[in-house]
Protein chains: 2
Amino acid sequence: MKSPGKKNGSPPTIIDVANLAGVSMKTVSRVVNNEATVRAKTRERVQKAIDSLSYQRNVFARGLRADRSLVLGLLYENPQGDYPADILHGALAYCREHGYHLVVEVLRGPDMGGQTARFLSQTKLDGVFMTPPVCDNASVLKVLKNFGVSYVRISPNKPKRGEQYIAIDDFAASKEVIDYLISLGHRRIGFIKGMPGHASTQARLEGYKSALEGGEIDLDESLVVEGNFDFESGVLGAETLLALSEPPTAIFAGNDEAAAGVLSYAHSHGLSAPQDLSVCGFDGGTISKVVWPKLTTVMQPIRLLGESAVRLLIARDGNEHKAAKPVILPHTLIIGDSTARR
Amino acid sequence: MKSPGKKNGSPPTIIDVANLAGVSMKTVSRVVNNEATVRAKTRERVQKAIDSLSYQRNVFARGLRADRSLVLGLLYENPQGDYPADILHGALAYCREHGYHLVVEVLRGPDMGGQTARFLSQTKLDGVFMTPPVCDNASVLKVLKNFGVSYVRISPNKPKRGEQYIAIDDFAASKEVIDYLISLGHRRIGFIKGMPGHASTQARLEGYKSALEGGEIDLDESLVVEGNFDFESGVLGAETLLALSEPPTAIFAGNDEAAAGVLSYAHSHGLSAPQDLSVCGFDGGTISKVVWPKLTTVMQPIRLLGESAVRLLIARDGNEHKAAKPVILPHTLIIGDSTARR
DNA sequence: CTCCAAAATGACAAGGTTGTCAATTTCGGT
DNA sequence: ACCGAAATTGACAACCTTGTCATTTTGGAG
């Protein structure tokens, strides 16, 4: 079963297209690469030939000749859980659509910069994108600059003006959650922080504070406890908060996994949610849907994060100094069964 | 910061190595490709030159010239959830280690064979691996054979003797779970099946039956209900089972997600696990750890599945008729908090 | 020591694309 | 209709590796 339009076994080359369209192979190359200096009429004729032969450029020949490799890199630290997996899925889908490949490198330990350097010197990459905490690692960023590799940061810590990054509006999303809890009559709301150093940890805390202020509730520092985005920190956070002399009636955990920890602690101590305690998470992935009760949470478009990162890198690939505007993706407040009127 | 040993900007080529070692580039090529006909002494000299220049062969030039592309493919249907993500992770890691790339293709709808054919005619692949249900799709397998692409099936339905596939021993694992429940004193054990057509669905059911037999418990068909590996089917399964005039004291769901559904149904109907009902899952991923109570489940080495698939493909790439032995990976019974003595 | 087969090595081309730069065409202004 | 500048197109080399096939070297038998 051969694909239609082929005369012999081997796939059509740029020369076949050129012959059919009656132009030189260089002009075909120009069309394929979307270069500007081709007359519309010529372009159309070439495109028709491309379609009729279902020509696809040979990735290897291109990679060999051009300076671009058509390979992008994803750097991250912790390959567990929904978050990186979804990023990866989104990125892969978009890469494939556009003929790019994706290599993944997991960075670990103290010398991330060195690992990055080794990685880059072995693989010629057209661009790199990173999730926290890698995207906030100074030595990694330095190496990337030295190698002249363009990069996109996902949810970075302190993005500089004009730097290319992608994020959601953690501040606003967090504020929405707390506003919702306040609207349900809650006035003592616990907050379990995310991983220290993560940009979103800080932004979500600010959103929390801002919402309290808007609701004319005084901030009680004892209601804000440490955490790091995992199940165990949810358990510990709940333990601390519920041991207070005046415990909270609602807890906003740093993310869904931590919220699951809160639920778990509550259940095992005879508290039922949402009757005795309202719980909110953040992420909106699988976890929020399989725990009982289903979490009220913020849905992040995580796949879209990965997809957007790749889109930006591909758009920039070649066109060196494209304006680098940050991309802020939309979020959605999901009302689950884990929150109730006080 | 350049990598050590490079004189100018561009990386060393096979010619640089040849000059340094005092041989022809062809001989270097032979060493790099581990071909047999190189004298030990020569090989050593070349290897030293390779090391001192930290030469790495250009993937594109190789791909262009050689018949092999160094690209493997992963075909699957449903890119959601832990399972495919973990497969992908394991596969990607091993690919990178060995200089291979990985492209991912999601097949959907009725014409999987046609999609596969289109995919293969566009990309020269050195091998393909598939998860269920793609790996059981007859038209896909036929297309793969027609194209002469070697493939590995993960958890296939009816593997033929001598065919290359990877799986865990679902039968034994399931039996272990039921044996454990029996050892806790349970005698009425509900079983929620997995997705129809999946090999593991059948194997786990057989394991269930075998264990009952071993425990001298008569099979009650009403305790076995349909399902399809998702949360909702766990909810529905629990509803059906718990509505029986003589309901089960323990339920073994098809996988963790379905088990989470069972827990959810139980909780919302005033039953607490494990006191009123023991629940078991299957997979051992994130879900089993974030629900309350933590699930008793079977841990599958999912990442290892992906890694092994790639390992087999790479080993076979080139050496056409390597003996194709099935690979059975080990599983582990994880005792959680969702099961208790009856 | 010579000869021969087998083993080891080398010379050269080919693979499909894009960069460079030269050649040709187009088009606005006279 | 003609000129010159700008736009468009084309010829050819180069990218790096491996397959083919010829050549050289090795090592053992005579």
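Quick caveat: nothing in here was measured; it's all calculated off a predicted structure. Lettering follows sequence order; numbering is per chain, from 1.
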- request: List the steps and the verdict of salt bridge (charged side-chain N to carboxylate O under 4.0 Å, His left out) for B/Asp136 and B/Arg153.
  value: CA-CA 8 Å; B/Asp136 296 322; B/Arg153 299 166 73 192; 3.1 Å; yes

task: Scan B/Arg57 against the nucleic acid and name what it touches under 4.0 Å (heavy atoms): base, sugar-phosphate only, or nothing.
output: sugar-phosphate

- request: Measure from CD1 on B/Ile15 to C1' on C/dA13 and round the result to the nearest Å.
  value: 14 Å

message: In whole Å, I'd like the distance from the CG atom of B/Asn34 to the P atom of D/dT17.
response: 17 Å

- request: Verify, without hydrogens or angle tests, whether B/Asn33 (side chain) and B/Ser29 (backbone) share a donor-acceptor contact under 3.5 angstrom.
  value: yes

message: On DNA chain D, compare the nucleotides closest to A/Thr27 and B/Asn33; which residue's is nearer the 5' end?
response: A/Thr27

message: Side chain of B/Lys26 only, heavy atoms from C-beta on: which candidate in C/dG16, C/dA11, D/dT9 is closest?
response: C/dA11

query: If you check the B/Val23 side chain, which of C/dG10, D/dG10, C/dT17 turns out closest?
result: C/dG10

message: Taking 4.0 Å as the cut-off, does a side-chain nitrogen or oxygen of A/Tyr55 come that near to OP1 or OP2 on C/dT17?
response: yes

- request: To the nearest Å, give me how far apart CG (B/Leu64) and P (D/dT17) are.
  value: 12 Å

- prompt: Whole-Å distance between C/dT24 P and A/Arg39 CZ?
  reply: 16 Å

message: So, applying side-chain contact (heavy atoms from CB on, under 4.5 Å) with B/Val31, which one of B/Val46, B/Val23, B/Val17 is it?
response: B/Val46

task: Send over the distance from B/Glu44 CD to C/dA8 P, rounded to a whole Å.
output: 16 Å

query: What's the closest nucleotide to the A/Glu35 side chain, out of C/dG19, C/dG16, D/dT18?
result: C/dG19

message: Expressed as a whole number of angstroms, how long is the span from A/Lys41:NZ to D/dA7:C1'?
response: 16 Å

query: Taking only side-chain nitrogens and oxygens of A/Ser29, does any of them come within less than 4.0 Å of OP1 or OP2 of C/dT18?
result: yes

field: Residue closer to the 5' end of DNA chain D, B/Ile14 versus A/Arg45 (nearest nucleotide)
entry: A/Arg45

message: From CE of A/Met25 over to P of D/dA14, roughly how many Å is that when rounded to an integer?
response: 14 Å

message: Restricting to non-hydrogen atoms, name the atom on A/Ala309 and the atom on A/Phe129 that form the minimum distance, rounded to 0.1 Å.
response: CB-CD1, 3.6 Å

task: Assess whether one donor atom and one acceptor atom, taken from the side chain of B/Arg30 and the base of D/dG19, lie less than 3.5 Å apart.
output: no

Of the listed nucleotides C/dG10, D/dT17, C/dT17, the one nearest the side chain of B/Arg65: D/dT17

field: Any N/O donor-acceptor pair, B/Arg62 side-chain to C/dG15 base, under 3.5 Å
entry: no

- request: Pick base, sugar-phosphate or nothing for A/Val38, based on heavy-atom distances below 4.0 Å to the nucleic acid.
  value: sugar-phosphate

- prompt: What are the two closest non-hydrogen atoms of A/Ile14 and A/Tyr55, and how far apart are they?
  reply: N-CE1, 3.5 Å

task: Respond yes when some side-chain nitrogen or oxygen of A/Thr13 is under 4.0 Å from OP1 or OP2 of C/dG16, and no when none is.
output: no

- request: To the nearest Å, give me how far apart CG (B/Asn58) and P (C/dG15) are.
  value: 18 Å

field: Among C/dT17, D/dC16, D/dG19, the nucleotide that comes nearest once only the side chain of B/Ala61 is considered
entry: D/dC16

query: Does any N or O in the side chain of B/Arg45 come within less than 3.5 Å of the main-chain N or O of B/Ala21, such that one atom is a donor and the other an acceptor?
result: yes

query: For C/dT9, does either OP1 or OP2 sit under 4.0 Å from a side-chain N or O belonging to B/Thr42?
result: yes

